[in-house]
Amino acid sequence: MPDIKFIIENKDLVQDGLTKKGYTKEDLDLDELIALHKQITTLKTSSQSLAEEKNKLSNQIKSASAEDRPNIIAKSKELGEKFKLQEQELSDLSEKFDLMMLKMPNMPSPETPVGPDDSANVVRRYVGEVPHFDFEPKDHIELMEINDWSEMERIAKVSGTRTYAIKNELAKLELAMHMFVLDKLRSYGFQVITVPSISKEKPLYGQGYLPFSRDEVYYLPQDDIYLSGTAELILNSLRADEILTESELPVLYAGFSPCFRREAGAAGKDTRGLVRVHQFMKTEQFVICAGDVNESEKWHQKLLQISEEVLQDFELPYRVLEVCTGDMGAPKYRQYDLEAWVPSQNCYRETHSCSNITDWQARRTNLRYRANADGKVKYVHTLNNTGIATPRALVPFIENHQNADGTVNIPPKLQPYMGGIKKIGKNA
RNA sequence: GGAUAGAUGGCCGAGUGGUCGAAGGCGCACGAUUGGAAAUCGUGUGUACCUGUCAAAGGGUACCGUGAGUUCGAAUCUCACUCUAUCCGCCA
């Protein structure tokens, strides 16, 4: 949701951004938007001068003489009617305008590769060595079965498809990963925060989930409440409507929460195993920084570096993908995905998604700060990145670290979080 | 779930129909005083939008939890909702 003034003054640039993000004129018509804004401004000006006149009259009444009073009241009443009509028209137009503005995506970074869909994403680098097994590697489902690490069939009967129940050392590993990442983030100055998984509707607009992907989110009509798909949703609204001082920035949150996603658009994809489930746990990195692209781009790199470090500490081969304009969501200015190698699928699968949102969310949540330099109030920039998301991250983890006998090695960095053990599994 | 109380500016807090964007205090900023500091004194200190301008100054409109209503006029009256606090019940 860029500034309307910016849109008017930079129409060609904004149109270019819309086109790059795959928006057609039917999706969002800039001319219509600008015309609507002009109409609103004109109407506003006239209704404000009407209000001014009305106020002046009202103020006269108290001191008016007895014979003047009825006249003034009648005149004021008449103005009031006129004013009311204009206000009605104004609120109708504003509603229409606001709806369009809510659909306005962020402008992509000039660095972002241009393309229609994920086929145009660009691999920036490969890190780590893809393992070569001198035995037939098992997939994560088989590894779980032979080690008594899961109750996948049984839990499907209880909780339905795309759910998981993992147990014993694997359950412990899941929690250990989060503890490891939370400790790391804390060492980088993040505040560890556990947040609810339920949310009112407004934060979903603030984050930019709505109005775009209503199908993706669980809704509980009885309580008019939504289930959160990520702690980003909650953290993004936590400081809504505040004016921070610049010295408070950056605000760094390491949010932990259960996450819920309907996966409506993924029917038939990854139906087995731990890759894509309706409920999972995520440790999220969330940053609120000064509203300056240089500053947020710096943090974007920092967040990326932190999650790369996580994958390196876990000794997982991965690649860094720069997501193209057409594959990026509406809120995003620039986005990297990290994908870890999954041996059984012979490909890289997404484990992290790292985005610079610039001021797009801040405008929606009305989160601002007072700049030191000139004392002016400005919108902050927000960024988010996965810290670690499980159980998906367990998939590359146990597959890459498996041995011929079905055991799984624990990388040294993670061993302290597993009670010092080096290997898990029935034969360990 | 039941009962009660409440929601005003960065914070505390006054204000129950008219000049209230809102007293007073605290905080903050600047200035005076000081060798320096504290204390003291003075001045200033919300946000959004419209208008205006090269920029500003200036003028205006709105905002006292949210939404609607009464009224010529609402922080103040009415209704609905939301949230907060306390007590009781239940509960991981």
Side-chain angles (χ1 to χ4, degrees), chain A residues 1-9 33-98 100-102 194-206 220-226 234 237-249 251 256-258 279 281 288 291 359 362-380:
Chain A
M1 195 158 76
D3 186 12
I4 182 65
K5 282 184 189 147
F6 178 86
I7 295 172
I8 291 168
E9 280 161 25
L33 183 76
I34 292 171
L36 196 53
H37 181 259
K38 189 156 174 81
Q39 217 180 333
I40 287 172
T41 304
T42 310
L43 197 57
K44 202 180 260 173
T45 307
S46 103
S47 104
Q48 279 190 7
S49 61
L50 219 53
E52 184 179 352
E53 226 180 306
K54 190 165 72 84
N55 286 345
K56 274 184 187 152
L57 280 179
S58 288
N59 285 333
Q60 286 171 21
I61 286 169
K62 201 180 144 197
S63 52
S65 63
E67 59 261 35
D68 283 351
R69 193 167 295 186
N71 257 336
I72 302 177
I73 290 179
K75 220 155 130 198
S76 183
K77 221 171 189 168
E78 198 188 311
L79 274 178
E81 297 294 321
K82 227 159 135 192
F83 175 75
K84 223 172 193 172
L85 276 171
Q86 285 208 358
E87 283 294 290
Q88 185 57 49
E89 196 183 341
L90 194 57
S91 85
D92 289 349
L93 288 175
S94 296
E95 200 179 321
K96 208 169 145 196
F97 176 78
D98 291 346
M100 280 182 91
M101 284 300 279
L102 278 174
T194 63
V195 296
S197 301
I198 58 177
S199 170
K200 299 189 198 181
E201 188 174 65
K202 205 171 167 198
L204 279 93
Y205 280 98
L220 279 47
Q222 194 174 12
D223 299 292
D224 190 25
I225 208 94
Y226 293 82
I234 308 296
S237 279
L238 194 62
R239 311 296 292 269
D241 297 315
E242 290 186 30
I243 299 176
L244 308 172
T245 60
E246 188 165 356
S247 55
E248 290 177 72
L249 301 174
V251 178
F256 175 85
S257 79
Q279 178 185 346
M281 291 185 234
I288 301 168
D359 63 357
R363 288 178 184 279
R364 293 175 159 238
T365 56
N366 194 30
L367 176 52
R368 296 168 295 171
Y369 73 106
R370 196 177 298 279
N372 281 337
D374 53 7
K376 288 239 167 70
V377 175
K378 293 172 70 179
Y379 287 102
V380 300

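Residue numbers begin at 1 in each chain, while the letters A, B, ... track the order of the sequences.
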Is a side-chain donor or acceptor of [X] paired with a backbone partner of [Y] at a separation under 3.5 angstrom?
X        : Y        : value
A:Gln48  : A:Thr45  : no
A:Ser49  : A:Ser46  : yes
A:Tyr379 : A:Tyr369 : no
A:Gln86  : A:Ser47  : yes

Quick check on [N]: is either OP1 or OP2 less than 4.0 Å from any side-chain nitrogen or oxygen of [X]?
X        : N     : value
A:Lys44  : B:C49 : no
A:Asn55  : B:U19 : no
A:Lys376 : B:U47 : no

- Query: Taking for each residue the nucleotide of RNA chain B with the nearest heavy atom, is it A:Ile243 or A:Lys77 whose nucleotide lies nearer the 5' end?
  - Reply: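 Comparing both residues, the 5'-ward one is A:Ile243.
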
Taking for A:Leu57 and for A:Tyr379 the nucleotide of RNA chain B with the nearest heavy atom, the one nearer the 5' end belongs to A:Tyr379

Suppose you measure atom [atom1] in [N] against the same atom in [M]; what distance do you get, rounded to whole Å?
N     : M     : atom1 : value
B:U66 : B:A62 : C1'   : 16 Å
B:U78 : B:G17 : C1'   : 14 Å
B:A14 : B:U8  : P     : 11 Å
B:U61 : B:A22 : P     : 13 Å
B:C64 : B:A75 : P     : 6 Å
B:C81 : B:A7  : C1'   : 14 Å
B:G6  : B:G58 : C1'   : 41 Å
B:A38 : B:C54 : P     : 45 Å

Nucleotide forming a Watson-Crick or wobble pair with [N], both distances under 3.5 Å:
N     : answer
B:G9  : none
B:C28 : B:G44
B:A80 : B:U66
B:U34 : none
B:A39 : none
B:G17 : none
B:A56 : none
B:C90 : none

Expressed as a whole number of angstroms, how long is the span from [X]:[atom1] to [N]:[atom2]?
X        : N     : atom1 : atom2 : result
A:Lys378 : B:U47 : NZ    : P     : 15 Å
A:Asp3   : B:C49 : CG    : C1'   : 12 Å
A:Glu52  : B:U19 : CD    : P     : 17 Å
A:Lys202 : B:G67 : NZ    : C1'   : 13 Å
A:Gln48  : B:A48 : CD    : C1'   : 11 Å
A:Asn59  : B:G18 : CG    : C1'   : 7 Å
A:Leu367 : B:A48 : CG    : P     : 14 Å
A:Glu246 : B:G10 : CD    : C1'   : 18 Å

Using the side-chain heavy atoms of [X], tell me which of these nucleotides is nearest: [options].
X        : options             : value
A:Lys200 : B:U47, B:C50, B:C83 : B:C83
A:Val377 : B:U70, B:C72, B:U47 : B:U47
A:Arg370 : B:G18, B:G60, B:G46 : B:G46
A:Ser58  : B:U51, B:A48, B:G18 : B:G18
A:Thr41  : B:U51, B:C83, B:U47 : B:U51

Got a second to check how far A:Asp92's CG is from A:Glu87's CD, nearest 0.5 Å?
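It is 11.0 Å, given to the nearest 0.5 Å.
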
Which part of the nucleic acid, if any, lies within contact of A:Ser76, taking any heavy atom under 4.0 Å across all strands shown: a base, the sugar-phosphate backbone alone, or nothing?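 The answer is sugar-phosphate, as A:Ser76 gets under 4.0 Å only of primed atoms, P, OP1 or OP2.
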
- prompt: Is the number of heavy atoms from other residues, nucleotides or ligands within 6.0 Å of CD (A:Glu242) greater than 12?
  reply: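 Atom CD in A:Glu242 is crowded, with more than 12 foreign heavy atoms closer than 6.0 Å.
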
* To do: Answer yes or no: does atom CD1 of A:Ile73 have more than 12 heavy-atom neighbours from other residues, nucleotides or ligands under 6.0 Å?
  =>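 Correct, the count exceeds 12.
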
Six-ring centre of A:Phe83, A:Lys54 cation under 6.0 angstrom, axis tolerance 45°:
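Satisfied, under 6.0 Å and within 45°.
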
